[in-house]
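Heads up: numbering here begins at 1 and tracks the sequence.
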Amino acid sequence: MDVAAAAGVVGGFLQVVFDKYYGSKLEQWAARSGLHGDFLSLKNQLHMVRAMLEAGGGGNAPHNDSLRSLIVELKSAAYAADNVLDEMEYYRLKELVEDTSGRDGGAPSSSARQVVGRILVPAPLLSNPFKRARTGADEALQGQGADTDTPNFDQDAMSSKIKSISCCLEQIAGMVRRIIELDKLVSMASLGHVQPEVVVSLRQTSSFPTETKLFGRDESTNNIINLMLRTDMESRYNNFNVLPIVGIGGVGKTALAQSVYNHQRVVDSFQVRAWACVSDTLDVRRVIADLIDSIDGGQETPKFHRVPSLDATQRTLLRKIEGKRFLIVLDDVWVSSHWEKLCGPFSAGMSGSMVLVTTRQRKIAKAMGTFDSLTLHGLHDNEFWAFFLQCTNITEDHSLARIGRKIALKLYGNPLAAKTMGRFLSENHEEEHWCKFLNRNIWELKQEPDDVMPVLLLSYQHLPLSLQRCFTYCAIFPRGYKFTEQELIFAWMAQGLVPTPGEDQTLEDVGKEYLNELLSCSFFHIIESGHYMIPGLLHDLAQLVAEGEFQATNGKFPISVEACHLYISHSDHARDMGLCHPLDCSGIQMKRRIQKNSWAGLLHLKNLRTIMFSASSSIWSPGSEVVFVQSNWPSTIRLLSLPCTFRKEQLAAVSSFIHLRYLDLRWSRLEELPEAVCKLYLLQVLNIKHCPCLLHLPPRIANLLNFEHLIADEGKHLLTGVPCVGNMTSLLLLDKFCVRKTRGFDIGQLKRLRNLRGLLKVQNLENVDGNEEAAKARLSDKRHLTELWLSWSAGSCVQEPSEQYHVLEGLAPHSNVSCLHITGYRGSTTPSWLASNLSLSSLEYLYLDYCSELEILPPLGLLPHLRKLHIVNMHALRRIGSEFYSSGQVVGFPCLEGLFIKTMPELEDWNVDDSNVFPSLTSLTVEDCPKLSRIPSFLWSRENKYWFPKLGKINIKYCPELVLSEALLIPRLPWLLDIDIQIWGQTVINLRGGCLEVSEINANTSSGPINAVLQLHWLKHVSSFHIWAQDSLSVHPCKQKTEPSACNSEHMVNSLQTSAEKVEVTGYGITDELLSAILENEICPSSLSISDCPQITSLDLSPLRSLKSLVIHNCVSLRKLFDRQYFTALRDLEVTNASSFAEAWSELLGSRYAEWGQVTTSLESLTVDSTLFLNSPLCAVLTSLKKLTIHSDFRVTSLSRQQVQALLLLTSLQDLGFIQCCNLHSLPSELHKIYTLKQLEIDSCPCVESLPNNGLPEKLEKLIIRGCNRRLYTGASMMGSTSTKVHLVDR
């Protein structure tokens, strides 16, 4: 990194220091502790350093090795300043907890005593917790010099430390200032005292291809061209579209754009083509001038005596593209500001014009593009290898190809990286030379400005300093490491890389914004749900800009003394570093003798801020070595990740890390945390996810005033068991709080937790004594809570209903709450904040459960954004009336989409006077309301409008009075597509997914059968009718159709859908009347199945003009068929267990034999269960029949002579089958005369012992025999030797 960049990093870090500490409570504490002068002196020095870096640094900072060294020292001093301020913050918090603010062990100040008196955990609970006690952990660390005591504040030592740092900053800053000033004087002298104008160097590209061949982009090129040449695409711009190409630097965006630009199809299709490289800033006038030059080829550019105005350039461009179809390429776009000015003239072009944009940032693509951006990734292995061979001037069979492949793998398919590496490798084709580059990282090579690392560095330099620091931190992860959003953001927070947020944000919110910004700029990739990874070359870039501060161990030691952040990826590395200690088989630590030449642990890393151990470096097994945290590790550590910890003794010395903010103990087998954790007063995040043995937290953890996040497994409410959790005033997440009578668990603990957000469940409210105590929770101050649960224990009778009312009155939430649960409340009325003074303007979800004494529902219809309402287990509610909806001109429940009413044993009536309520309701569930006899959805308004104009789903269960009180209209509403009505646990009516099922009611009804009326004109989308009701429920079609104009037209479109291709009608509740109505319902199926309908006696196919297939099964009373025209048009017919169908079919086709010749049918396949269909009148007209199957005729033993003759009339028959004819003894003797037969199937006919004596048809191709007599198989095998082609299967 150059001097300017390094100076920028230091300046940015100093900004973080100011954001964290200055203007805060720390300055007040410093004044009270006798450090005010030192504190202000350090503050002034930091101000001076930052101002000096801003004024003298930047792009013109001198490239001086000495200056670079001083900047590095300045960074180290800045770290020291941050450490000392952090240490002061630690002592400030320690004072609040332990009351040790007096200097030299003196008495605490009165102000400190006042503060401590408000927040300390009660003394009886703590019993002097900070006095060190000898424990097993201490014994385990004896002999190692470990000390688990936290350091005490020493004013003199702190003052000396601050003075030393201030002096160091002043000296280094002075030297830096003098070098910068001297460099400026030298520059001015050499230039004749004239300050040169700073010329910004812009990257330039052109439309002329730089590559003779484009590797691996043929598909992308064709896709882009095909999209560009379409003329039927809409756009938010007039006459042109914008297609962005997004990718990291060097991936080939410009080369792809050049390929498209010069493709012959594009040249032929666009009348005007122009190219401009936008580069760092979008200078509208310059870019338009470049476009004009590109169009003119540089020959007709007007000669201005002065710089042309923006208006002049825009008008010139407009004249050149007006009325023409153009292609404009804007290459290397970094910003989208002034885009509207740039594209202003583009609207003058012809429709179908196109702008192609290349950029590294997704947010630019989103701002400019009219299409989804094309994201360009690295080349695939084969294409990249071919390009790599070209760049290195070798061939596939070259002796260096083996080494080359290994080098190529390190370049991640990036074409520019291949060109960069190829420049070095092509200089010398000696194996030794290539091996040097195999063992080096690409970022370690000295590169030209157009090589891959400088190009990628441009992306980094365009980031704000805050994002630069966050990206650089990712250098700590090993290559290919998968990290989660939470893992990275909390690591940033621990290092202070996320600035103090505004009032409505948390550090985590700002961290998410940073992560999304880096994702938009392609610095991260989403690789799977919830996981991210840094692309390979960008990981190299992070290593480059990190300059040794971040290191992931690879087994090479020692580690650079500049390392501030360390990732230990393997247990062997931890052992080699002297961090592990051997254990015996019982897990007891054994003494380890340090070898003379062994690396001395972490002692030389004075600025160490992160130490991460991977899970593989911490796994313990008998005889192995594990990591024990040592008190002599650098105390500057902010983040410690030690997964798979199995003994708390490993963490006994952690209290010496007074700067620690993030402690990660995932996958550990700890049963309890050591008390040392409770002294980490700056700790913000504790990660104990996947720790099944850890069931409680130490009580003193409530002393962590800076604590924000406890990350644990879902359902593990560990903070619930911590007394005085209200001391943790920075806490952001407390999903569950159980009120107790015990001190430290009172509801007043919630008072100071003003930053709580997300979900909060407050339980056991019977332990709250009245309104005054409830109000101590100050729920109305918690503006970041979005979901709140207020619940009393089930069956608790500790409080009177009136007292519960006062408690709930005092628990009024903030108006920002969007989801509210109230459970177990026994008051007879709701509190004012849910009734007369309804203040929950943001509420979207409301659950009222087990409010058993509530007699009147509050006016919930006034909640403007309520979307879901659950009212459950209200045993005293008898009526829902107008008070529930609204008053005056306000429409009740304007946004309600789902209403769930359940277990209301006394509810009798639900009435509404205004049909305008519930305008948005889509789902209604009424369940277990045995006395309810009326709901609005079963009523009509006087204006002949429908209730619930958007209702698409209704479930009614265990409401017999409601269902049995009147005729059931199915559906009641035309847009009601999902119905489930149950009585006594049995589904009576179910409409779902195009299937309607009506079932019998298995109970006696005193008033006779209930009428169910099918409004079939609203059921055109239904393809299956299953009507099994007959005695208790009588189903009839509706006689009168409702005019569509009376319905909501928007939803009529949804309900009156296109008819189904296949219709099924089933059930003994189907009558002739109902079947006719179904078939006459303007449906046009190609297939119809009627089964298990014993009541139907006739069938008329005249309404079914498109019918091709018909199945009749188990319709024993069917005797009449109508409309010969549509029966003769059938192609497939299957008839089983309909004994009169053959006779009815004969009557339909004609009564006199002379007429048979005049009738033809289109039937190609016939399946019947009786040989009665084999009669001459029928077979004579089946001239198109190709397949005949006789299935399950148990009576036939053999075909009669007349039936055989009828069979011979089937002149097109190709496939004949006898299936499950159990009593059939012989096949037709004249079977060989069916000359067209190609397949014969005999299946499950055990009595057939032989084939016909006269043989089989000559053209028979396949003989299928299965489940038959063995003699038949033998005879068929013998016939296989004849000239007849026989294919035997399933022998």
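- In this structure, Lys363 places its NZ atom where only 12 or fewer heavy-atom neighbours from other residues, nucleotides or ligands lie under 6.0 Å away.
- The closest side-chain heavy-atom distance from Glu487 to Arg666 is below 4.5 Å.
- By the 4.0 Å N-to-carboxylate-O rule, Arg757 lies close enough to Asp509 to be salt-bridged with it.
- With ring centers used as reference points, Trp29 lies 6.0 Å or more from Phe39.
- Val629 is not listed as a side-chain neighbour of Gln650, based on a closest heavy-atom distance of 4.5 Å or more.
- Aromatic ring orientation, Phe490 versus His709: tilted (interplanar angle from 30° to 60°).
- Using a 3.5 Å distance cut-off with no hydrogens or angles, the side chains of Glu549 and Tyr79 do pair a donor with an acceptor.
- Ring pair Phe483/Tyr481 is parallel by interplanar angle, where below 30° counts as parallel and above 60° as perpendicular.
- Gln505 and Glu513 share a side-chain donor-acceptor pair at under 3.5 Å.
- Remark: aromatic rings of Tyr460 and Phe523 are distant, center separation not under 6.0 Å.
- In this structure, the side chains of Leu705 and Ser730 stay at 4.5 Å or more apart for every pair of heavy atoms.
- Using a 4.5 Å heavy-atom cutoff, the side chains of Val677 and Val654 are in contact.
- Between Lys689 and Asp664, no side-chain nitrogen of the basic residue sits less than 4.0 Å from a carboxylate oxygen of the acidic one, so the salt-bridge criterion is not met.
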- Starting from the C-alpha separation in whole Å, work towards a yes-or-no answer on salt bridge (Lys or Arg N to Asp or Glu O under 4.0 Å) for Asp82 and Arg638. CA-CA 12 Å; Asp82 182 50; Arg638 266 80 169 164; 2.9 Å; yes
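- Contact annotation: the side chain of Thr610 never approaches that of Phe550 to less than 4.5 Å [non-hydrogen atoms, C-beta and beyond].
- Here Leu665 contributes atom CG and Ile711 contributes atom CD1; the two are 11.0 Å apart, rounded to the nearest 0.5 Å.
- Residues Asn727 and Arg752 bring a donor and an acceptor atom of their side chains to less than 3.5 Å of each other.
- With respect to Glu87 and Lys161, a salt bridge is recorded, a charged nitrogen being found less than 4.0 Å from a carboxylate O.
- Looking at heavy atoms from C-beta onward, Leu704 lies out of side-chain contact with Leu731 at the 4.5 angstrom threshold.
- Using a 4.0 Å cut-off between a side-chain N of Lys or Arg and a carboxylate O of Asp or Glu, Arg609 and Asp86 do not qualify as a salt bridge.
- A distance of 6.0 Å or more separates the ring centres of His659 and Tyr90.
- Electrostatic pairing of Arg92 and Glu89 counts as a salt bridge here, judged by a charged N lying under 4.0 Å from a carboxylate O.
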- Message: Between Phe477 and Leu488, does the side-chain contact (heavy atoms from CB on, under 4.5 Å) criterion hold? Intermediate values first, please.
- Response: CA-CA 10 Å; Phe477 299 124; Leu488 182 60; 3.8 Å; yes
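- Using a 4.5 Å cut-off on side-chain heavy atoms (C-beta onward), Cys678 and Pro698 make contact.
- In this structure, Met48 places its CE atom where only 12 or fewer heavy-atom neighbours from other residues, nucleotides or ligands lie under 6.0 Å away.
- At least one side-chain heavy atom of Leu74 sits under 4.5 Å from a side-chain heavy atom of Val49.
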